[in-house]
There are 2 protein chains.
Amino acid sequence: MEAKEISQAVIGRLPRYFRYLGELKDEGVERISSQELSGLMKVTASQIRQDFNNFGGFGQQGYGYNVEYLYREIGKILGLDKQHNFVIIGAGNLGRALGNYLNFERRGFIFKGMFDANPELVGKDVRGVKVMPMEQLESFIRENDIDIAVLTIPKTSAVEVADKLVANGIRAIWNFAHVDLNVPEGIQVENVHLSDSLMKLSYNINRYNSDIK
Amino acid sequence: MEAKEISQAVIGRLPRYFRYLGELKDEGVERISSQELSGLMKVTASQIRQDFNNFGGFGQQGYGYNVEYLYREIGKILGLDKQHNFVIIGAGNLGRALGNYLNFERRGFIFKGMFDANPELVGKDVRGVKVMPMEQLESFIRENDIDIAVLTIPKTSAVEVADKLVANGIRAIWNFAHVDLNVPEGIQVENVHLSDSLMKLSYNINRYNSDIK
DNA sequence: TAGATTGTTAATCGATTAACAATC
DNA sequence: TAGATTGTTAATCGATTAACAATC
């Protein structure tokens with residue numbers, strides 16, 4: 001398929017559409033117009049139609065969109081109809097919290113392994129998965145069809161671990177370490193920099209207060 | 001001050017500048033040009049100069065920027081020179097992980113209290129803070145100068161809790177619940193929707209693969 | 001058929017990049 | 001002073017919104 005590149009701005013909005021459509025579906029709503037969805041989601045109807053049309057027409061003139069169909073199609077676009085195996089590297093608080101989060105499984109993300117450099121954590125159980133030592137990471141990635149590595153380790157070791165992951169065929173890194181990873185073209189990195197997010201909040205608190213002075 | 005509105009695109013980049021400048025400072029680098037910083041951060045020098053100039057001139061022609069000064073100024077813009085007290089609502093895995101994260105304190109974010117609806121979690125200790133029952137939330141917010149509430153509870157209760165927070169004078173919500181909160185103008189909300197982030201990663205994995213077919 | 005609403009083109013708006021005069 | 005590099009204006013690019021013809 002000769003698909004033109006879809007902008008990340010559009011991709012970034014798809015999960016939110018997916019969530020709203022899922023809720024509408026669960027409420028038994030059968031169809032919805034861009035106008036109604038616009039009211040619900042507080043985005044323009046124009047943007048909704050443009051976004052959907054990046055992927056071809058999902059609607060029908062005079063009718064609107066079929067909720068269940070649109071929900072399913074967006075799921076497919078997001079790759080949620082496929083299984084993605086992941087490992088978590090770093091069995092600290094955050095790593096364990098993510099390992100225990102059950103909803104990922106519902107979307108096809110399967111928790112396959114967990115690793116930590118600290119011998120005291122090795123062998124511990126997180127939702128049926130035993131923490132393994134770092135020495136086993138590379139062979140495990142290769143032998144268990146792992147797509148995604150979740151990095152919940154300190155930034156000091158993150159860059160080095162990322163290189164190992166890439167060398168062993170990982171396809172994507174979900175990076176919670178507070179450092180920019182440098183990976184070759186074609187390896188996907190999604191950063192979750194929690195402290196950056198908190199700083200934005202801080203800025204907005206203070207800006208608002210100085211504005212009303 | 002009559003400051004024109006700074007776009008969120010710019011604000012979103014400030015924490016990353018702050019991080020790079022902090023590292024440069026720690027390495028003892030005294031000055032840097034937009035050109036050098038551009039090479040390091042992989043953004044255009046033009047964007048760097050435009051971003052900084054939103055807040056007035058921090059540099060000097062022919063010299064560049066003083067690293068330590070610029071670092072400190074960006075910190076001030078982000079409000080990191082002020083103390084922000086926060087509470088965590090939801091003492092599950094994620095809430096406890098955030099409570100145990102020490103680096104927030106270094107930036108002026110002080111962990112003051114933790115709450116949970118589950119009686120079995122009440123009384124537990126997270127880094128010196130005892131988990132309190134939800135009944136105490138509202139008075140605690142009012143009486144302890146709490147700026148930020150971190151929501152790590154299921155989406156089913158998040159909307160209701162957010163309303164209570166607003167009614168008791170919270171200024172900002174760091175929302176990890178997978179639901180959009182509707183708050184009055186002037187209350188800041190920063191969403192961290194982890195599953196949205198994971199879905200974006202999923203899209204990019206699958207897009208890349210179909211592109212190279 | 002008439003009304004509704006999409007798909008899509010055109011217009012606008014905002015953000016990024018390029019260029020260069022100002023100045024250290 | 002000459003060279004370097006900012007601050008800032010102008011040009012470009014991309015994303016959002018508006019408008020409307022196509023069509024169910």
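Numbered from 1 within each chain, the chains take letters A, B, ... in sequence-line order.
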Within the structure, does a side-chain N or O atom of [X] lie under 4.0 Å from either OP1 or OP2 of [N]?
| X | N | result |
| --- | --- | --- |
| S46(A) | dA18(D) | no |
| Q47(A) | dT16(D) | yes |
| R13(B) | dT16(C) | yes |
| Y65(A) | dA4(C) | no |
| T44(B) | dT16(C) | no |

Send over the distance from [X] [atom1] to [N] [atom2], rounded to a whole Å.
| X | N | atom1 | atom2 | value |
| --- | --- | --- | --- | --- |
| Q60(B) | dC24(C) | CD | P | 7 Å |
| I48(B) | dG7(D) | CD1 | P | 12 Å |
| F55(B) | dT8(D) | CZ | C1' | 16 Å |
| Q61(B) | dC24(C) | CD | C1' | 6 Å |
| L70(B) | dG7(D) | CG | C1' | 14 Å |
| N54(A) | dG7(C) | CG | P | 12 Å |
| M41(B) | dT16(C) | CE | C1' | 15 Å |
| D51(B) | dG14(C) | CG | C1' | 14 Å |

May I ask you to say what Q35(A) touches in the nucleic acid, namely base, sugar-phosphate or nothing, with a heavy-atom cut-off under 4.0 Å?
->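 The residue Q35(A) makes no contact with any strand.
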Could you check whether F52(A) gets within reach of a base, just the sugar-phosphate, or nothing at all, counting any heavy atom under 4.0 Å?
->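 Contact class for F52(A): none.
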Taking only the side-chain heavy atoms of Q50(A) (C-beta and beyond), determine which of dT9(C), dT23(D), dT6(D) contains the nearest atom.
->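 Looking only at heavy atoms from C-beta outward on Q50(A), the closest nucleotide is dT9(C).
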Nucleotide of dT16(C), dC20(D), dT8(D) approaching R49(A) most closely (side-chain heavy atoms) =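 So the side chain of R49(A) is nearest to dC20(D).
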For E30(B), does the CD atom have more than 12 heavy-atom neighbours from other residues, nucleotides or ligands under 6.0 Å away?
-> no
Got more than 12 heavy atoms from elsewhere within 6.0 Å of CD, Q35(A)?
-> no
How about W174(B) and F104(B): are their ring centroids closer than 6.0 Å?
->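 Yes.
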If you pin E36(B) and V43(A) to their nearest nucleotides in DNA chain D, which one's is more 5'?
->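 Result: E36(B).
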First of G62(A) and F58(B) reached from the 5' end of DNA chain D, by closest nucleotide = F58(B)
Between D116(A) and A91(A), is there a donor-acceptor pair closer than 3.5 Å when you use the side chain of the first and the backbone of the second?
->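 Yes: the side chain of D116(A) pairs with the backbone of A91(A).
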Please determine, for dC20(D), whether a Watson-Crick or G-U wobble partner exists with both distances under 3.5 Å, and give it or none.
-> dG7(C)
If dC13(C) has a Watson-Crick or G-U wobble mate with both distances under 3.5 Å, name it; if not, just say none.
->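 dC13(C) is paired, partner dG14(D).
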Given Q47(A) and T44(A), is the side chain to side chain donor-acceptor pair (under 3.5 Å) satisfied, shown in steps?
-> CA-CA 5 Å; Q47(A) 180 164 77; T44(A) 64; 5.0 Å; no
For L165(B) and A149(B), which heavy atoms make the closest approach, and how far apart are they?
->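 L165(B) and A149(B) have their closest heavy atoms at CD1-CB, 3.6 Å.
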